[in-house]
Amino acid sequence: MRSRVLLGAAIASITLINGYLRPPSYAIQLRDGTVYFAQPPRLVNASTTYNEVYAWGATYYFTISLPENAGEPLQSLAINQHEGVDNIRFDLNDSVAFEGKPSGKGQKVELQNVAGDSKTRTVTLRFDPPVSPGKTITIGLKPWQNPRSTGVYLFGVTAFPPGEKSHGQFLGFGRLQFYNYSDSWFRPWGFP
């Protein structure tokens, strides 16, 4: 019985010590100077405050988790509208970033620059200072107006570590769906 207790204590001690002595993750840098995340960030969620077409005052939230072992901080994000009938335009001056999720806003994350390219339908956000590994942040983009057309709108999210030559890591697609609720008001139960 005593040997089991000692064995359990020894295993717990080794596990605890191993957690503290684990070497930090370092970013990957190629010979040409290109910097990569050792462990890329993760797109946790995408959501909107209003999902009705034509709605004003909506905010599109994109939540990103940067793991402890990322190796590099998060310098910038590119959010690209990949799919959707209408081209959604944003009020870039109203963009926000904060630690945490939309339901529990934390400390504000400073944005150095927010730029948009209407041809590629991309918004690029640069953080100042870069976001440290181990944090979860949320980006809030405010469209001038929700799209006119119903359907699914996909936004590709790409993360970049700091550096003159950093490799963007595609995190996935944020999916927002927009509905026309007035159609169901005038046509109950789906009858034309």
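What you are looking at is a predicted structure, and each value in this text was computed from that prediction instead of being measured.
At least one cation-pi condition fails for K108 and F98: the charged atom is not both under 6.0 angstrom from the six-membered ring centre and inside a 45 degree cone around its axis.
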Show me the side-chain donor-acceptor pairs of residues 158-166 shorter than 3.5 Å, one per line, residues at least two apart or across chains.
unit_1 : atom_1 : unit_2 : atom_2 : d
K165   : NZ     : D32    : OD2    : 3.2
S166   : OG     : P161   : O      : 3.1

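Residues F155 and H82 keep their aromatic ring centres 6.0 Å or farther apart.
Taking the side chain as every heavy atom from C-beta outward, V109 and E99 approach each other to under 4.5 Å. Within the 4.5 Å cutoff, the side chain of E72 has heavy atoms near those of the V35 side chain. Residues I79 and L141 have side chains in contact (heavy-atom distance under 4.5 Å, counting atoms from C-beta outward). For the pair S95/F90, no side-chain contact is recorded, criterion being any heavy-atom separation below 4.5 Å from C-beta on. The side-chain heavy atoms of N113 and L111, taken from C-beta on, include no pair separated by under 4.5 Å. Looking at heavy atoms from C-beta onward, T150 lies out of side-chain contact with F178 at the 4.5 angstrom threshold.
Between the side chain of T138 and the backbone N or O of G100, at least one donor-acceptor pair lies under 3.5 Å.
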Are L176 and N51 close enough, and set up right, to give a side chain to side chain contact (heavy atoms under 4.5 Å, CB included), and what steps lead you there? CA-CA 8 Å; L176 301 178; N51 64 355; over 6 Å; no

Would you check, one step at a time, whether the test side chain to side chain contact (heavy atoms under 4.5 Å, CB included) holds for N80 with V123? CA-CA 6 Å; N80 167 258; V123 174; over 6 Å; no

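Here the CG-CD1 distance, from L43 to I64, works out to 4.5 Å after rounding to the nearest 0.5 Å. To the nearest 0.5 Å, atoms CG (N87) and CD (Q81) are separated by 5.5 Å. For the atom pair Q112 CD and S76 OG, the distance stands at 10.0 Å (nearest 0.5 Å).
Using modelled atom types, one finds a donor on one side chain and an acceptor on the other under 3.5 Å when comparing K142 with T59.
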